[in-house]
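These figures come from a predicted structure and were not determined experimentally.
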There are 2 protein chains.
Amino acid sequence: MKEEQFRFIHYLKSKGLKLTSARKTVLTAFLRSEGHLSAEDLLAAAKKIDPGLGQATVFRTLKLLADAGLAQDACQDEGPRRYEHVYKHAHHDHLLCIGCGKLIEFCHPEIEKAQTEIFKEFGFQATGHRLELRGLCADCAGKSGKAND
Amino acid sequence: MKEEQFRFIHYLKSKGLKLTSARKTVLTAFLRSEGHLSAEDLLAAAKKIDPGLGQATVFRTLKLLADAGLAQDACQDEGPRRYEHVYKHAHHDHLLCIGCGKLIEFCHPEIEKAQTEIFKEFGFQATGHRLELRGLCADCAGKSGKAND
DNA sequence: CTTAGTGCAAAGGTTTTGCAAATTG
DNA sequence: CAATTTGCAAAACCTTTGCACTAAG
């Protein structure tokens, strides 16, 4: 069994919650997913496994996944809230091209280190962070940016 | 005249858009505001200046402000989208306590520097970034965090 | 058997859109 | 004057909630 599954089950038990087939379905669909997905995406994916699943259950389960530390808000500027794996994936930050929407994931040790310092400086106990850099990628910058619109 | 006002007017001209009294009202209300405000907050503030203003106009103008580089999505996890000044305020990042909601704004030169490196490394032309650290502040962490729940 | 979870559909909150009238350049 | 913008209200969109039924422990 995958570690994420185990962790989710353990989380449910610790909260006195039940491991239902609907939750298993949503978990499976979520773990199969790649990148950033919205609740709607997850519902669609989960319905491929169990067509009878309701969207309310997906929203409810997504909250549990976030609470269990498996899912994290990926925080897009537009449209619905999106989530991504947080448990297995090593931590990464996002670099977004505002021209073409290209999304690059990166990890920069110095930034991580500096963040730790900041938590210390303000007496905080860290639980997470999110960093998104925005700009124009080489392609889009080359195309003269925003001449017409 | 404030530089922001000038910038917004310039932006409108460059796009062939009109400087209407409604837009002036929203701009004024926005520039007067402090911290992070939602569209609803901005509507309320703008209505104090011009009670006849419609909420659609606020949403539309807020997009223009963002496009003009004056407003920026402050990206809360919950509730409505919130915006903040981006132009005059020196850049800052956010440190949020998930226990009591306390929000600290800070600025860390090394992080800024590292970000510049990343933009370079991926051949991006920077336009902005957003960093939010989350954790428990000293008060909340002291209160035994989440022993019971 | 008791309690929590489910799907549905309706409600809730936020943002967008169509339109006729008003305003700007 | 032509073209954009406005306010309104309705629609669209995303998420949550109430409820009767089902399923897990």
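Of the residues in residues 20-27 of chain A, Thr20(A), Ala22(A), Arg23(A) come within less than 4.0 Å of DNA chain C through at least one heavy atom, sorted by number.
At the phosphate of dG25(C), neither OP1 nor OP2 sits under 4.0 Å from any side-chain N or O atom of Lys13(B).
Atom NZ of Lys47(B) is separated from atom P of dG7(D) by 9 Å (rounded to the nearest Å). Note: CG (Leu64(B)) to C1' (dT6(D)) measures 13 Å, nearest angstrom. Between the CD atom of Gln55(A) and the C1' atom of dG12(C) there is a distance of 14 Å, rounded to whole Å. Per the geometry, NZ belonging to Lys15(B) stands 17 Å off C1' belonging to dT5(D), to the nearest Å. Protein atom CZ of Arg60(B) is 19 Å distant from nucleotide atom P of dT14(C), rounded to whole Å.
If Ala56(B) and Leu12(B) are placed on DNA chain D by their nearest nucleotide, the residue sitting closer to the 5' end is Leu12(B). Each of Gly52(A) and Lys18(B) has a nearest nucleotide on DNA chain C; the 5'-most of these lies closest to Gly52(A).
The aromatic rings of Phe122(A) and Phe124(A) sit perpendicular, their planes meeting at an angle over 60°, well past the 30° parallel limit. Ring orientation note: the planes of His36(B) and His94(B) are nearly perpendicular, at an angle over 60° on the 30°/60° scale.
Counting only residues at least two apart or in different chains, salt bridge (charged side-chain N to carboxylate O under 4.0 Å, His left out) contacts with residues 113-128 of chain A are absent.
In this structure, Gly16(B) reaches neither bases nor backbone, as no heavy-atom distance under 4.0 Å exists between it and the strands shown.
The two residues Arg7(B) and Ala68(B) have their closest heavy-atom pair at NE-O, 3.0 Å.
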